[in-house]
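Notes follow the structure.
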Amino acid sequence: MAKLSVFMKRKNSFFNAHRIKTILLFLIVNVVLLVLYQFSVVEFYGTVERPHVAWSSYTQFHNKDIETQVVISRKADDYIKSLSYDYHLSKSKGGEYIVTGGSNPEPVRHTRVFYLDEQCSLVFSNFTEMIVNKVALRCLY
């Protein structure tokens, strides 16, 4: 029992002697983690191909903001259409999330995600209609 109290006294005296350094180190580590969080961006990229149409999507996720660019092309002719969506993550639970924003065509979107592995997932942009026209393949970039 005496050895334990001696050890605790040494530990407490070390902390008391270096209290300012310990607190400063703790604050610096927290500031660095906060800066890294504010500037971190997760990027996803994927392409879905069908017999006559293909579409690619590029998505950036920062804090709770989601920016997506989609390029749709028909294989038979030179038709190319580009769409851009800006949403704010509202609620998420498991493999589902709801996003809100003034983006066209939908101001509120209920999305369902099916994870294929650690890198890729299938994202259905309309929860009620899980059809090929509403899916995007997204992989970590």
Tell me the closest heavy-atom pair linking [X] and [Y], and the distance in Å.
X    : Y    : value
S84  : Q69  : OG-NE2, 4.0 Å
R138 : T59  : NE-OG1, 3.2 Å
D117 : Q119 : OD1-N, 2.9 Å
L137 : S57  : O-OG, 4.0 Å

Checklist entry - Are L27 and L25 close enough, and set up right, to give a side chain to side chain contact (heavy atoms under 4.5 Å, CB included), and what steps lead you there? => result CA-CA 5 Å; L27 288 173; L25 178 66; over 6 Å; no
Next on the checklist: Under 3.5 Å, is there a donor on one side chain and an acceptor on the other for E43 and Y58?
Outcome noted: yes
Pairwise side-chain contact, [X] with [Y], heavy-atom cut-off 4.5 Å (strictly under):
X   : Y   : answer
V41 : F61 : no
F44 : V42 : yes
K75 : E49 : yes
N30 : F26 : yes
L34 : V32 : no

Checklist entry - If two hydrophobic side chains count as joined below 4.5 Å and joins carry through other members, does V71 share a cluster with V123? => result no
Item to check | Residues, nucleotides or ligands: over 12 heavy atoms within 6.0 Å of Q38 CD | outcome: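 Counting neighbours around CD of Q38, more than 12 heavy atoms of other residues, nucleotides or ligands fall under 6.0 Å, so yes.
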Item to check | K64 NZ: over 12 foreign heavy atoms closer than 6.0 Å | outcome: no
Checklist entry - What do the steps show when you test V113 against L122 for side chain to side chain contact (heavy atoms under 4.5 Å, CB included), and what is the final call? => result CA-CA 6 Å; V113 181; L122 290 175; over 6 Å; no
Checklist entry - Counting distance only, does the side-chain N/O of H62 pair as donor-acceptor with the main-chain N or O of S40 below 3.5 Å? => result yes
Checklist entry - Between the main-chain N or O of D65 and the side-chain N or O of N63, is there a donor-acceptor pair closer than 3.5 Å? => result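 Absent.
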Checklist entry - Can you check side chain to side chain contact (heavy atoms under 4.5 Å, CB included) on W55 and R50, steps first, answer last? => result CA-CA 9 Å; W55 57 93; R50 292 184 54 202; 3.6 Å; yes
Next on the checklist: Run L116 and S121 through side chain to side chain contact (heavy atoms under 4.5 Å, CB included) and show every step you take.
Outcome noted: CA-CA 5 Å; L116 302 174; S121 62; 5.5 Å; no
